[in-house]
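This report refers to the structure that appears directly beneath it.
Position 1 is the first residue of the sequence, and the numbers go up from there.
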Amino acid sequence: MGRRRELNEARATVSRSRLTTLTGPGGVGKTRLGMEVGQRLQTHFRDGAWMVDLGSLNPGATISPIVASALAIQDQSNRGALERVTDYLQDKELLLFLDNCEHALSGPGSWWTESWPRPRA
């Protein structure tokens with residue numbers, strides 16, 4: 001990959017923080033770096049590492065349905081996506097990589113910390 005320093009910094013940050021953000025202009029490799037970090041750290045999380053691409057999110061839409069779909073949450077109830085995702089994640093230990101967060105105008109960080117009381121992202 002040729003980005004050893006960035007990879008090591010990202011891995012160290014993920015290991016000690018609930019929420020880690022990779023920033024930079026388009027095309028510099030944030031997605032590739034995030035996927036590499038997820039691949040290398042997935043065994044450190046009991047329930048693995050998951051990538052959720054928010055690139056298809058429409059303006060004003062919430063990210064919960066996309067997260068529910070990416071995690072393949074099976075739920076036949078009439079509960080909303082946020083409640084289904086929150087319930088599903090309660091006993092999980094996983095790395096959730098949200099890609100293309102610039103499309104989430106409401107701020108994915110606030111959804112993350114309010115919806116899952118024990119996150120480490």
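Separation of atoms CD (Glu93) and NE2 (His44) is listed at 11.0 Å; rounding is to 0.5 Å. Going from atom CG of Asp87 over to atom CG of Leu82 covers 9.5 Å, rounded to the nearest 0.5 Å. The distance from atom OG1 of Thr31 to atom CG of Leu22, rounded to the nearest 0.5 Å, is 9.0 Å. A distance of 9.0 Å separates CG in Leu7 from CZ in Arg4, rounded to the nearest 0.5 Å.
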Test log, rule salt bridge (charged side-chain N to carboxylate O under 4.0 Å, His left out), inputs Arg40 and Glu36: CA-CA 6 Å; Arg40 291 183 183 211; Glu36 180 72 18; 2.5 Å; yes

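Contact detail for Leu95 and Gly38: the closest heavy-atom pair is CD2-CA, 3.7 Å. Minimum interatomic distance between Leu94 and Phe45 (heavy atoms only, all atoms of both residues): C-CD2, 3.6 Å. Val37 and Ala10 make their closest contact through CG2-CB, 3.6 Å (heavy atoms, listed as atom of the first residue, atom of the second, distance). Closest approach of Ser64 to Val85, counting heavy atoms only: O-CG2, 3.6 Å. Closest approach of Asp47 and Trp50 over heavy atoms only: O-NE1, 3.1 Å. When all heavy atoms of Ile66 and Ser56 are compared, the pair lying nearest together is CD1-OG, 4.3 Å.
One N or O on the side chain of Arg3 and one on the backbone of Gly29 form a donor-acceptor pair closer than 3.5 Å. Remark: side-chain polar atoms of Lys30 are paired, donor with acceptor, to backbone N or O of Pro25 under 3.5 angstrom.
Hydrophobic cluster membership differs between Ile63 and Phe97, with clusters built from Ile, Leu, Val, Met, Phe, Trp and Tyr side chains linked at under 4.5 angstrom. Tracing side-chain contacts under 4.5 Å through hydrophobic residues (I, L, V, M, F, W, Y), one never reaches Met35 starting from Leu54; they form parts of separate clusters. By the rule that hydrophobic residues join a cluster once side-chain heavy atoms approach within less than 4.5 Å of another member, Val28 and Leu98 end up as members of separate clusters.
Among residues two or more places apart in sequence or in another chain, the side-chain contact (heavy atoms from CB on, under 4.5 Å) test is passed with Ala70 by Val52. Taking the side-chain contact (heavy atoms from CB on, under 4.5 Å) definition, one finds that Glu9 meets it with Arg5, sequence neighbours left out. Judged as a side-chain contact (heavy atoms from CB on, under 4.5 Å), and not counting sequence neighbours, the contacts of Ser77 are Asp75, Arg79. For Asp53, there are no salt bridge (charged side-chain N to carboxylate O under 4.0 Å, His left out) partners two or more places apart in sequence or in a different chain.
The 12-atom threshold is exceeded at CE of Met51, counting heavy atoms of other residues, nucleotides or ligands nearer than 6.0 Å.
With a 4.5 Å cut-off on side-chain heavy atoms, Leu96 and Val67 count as touching.
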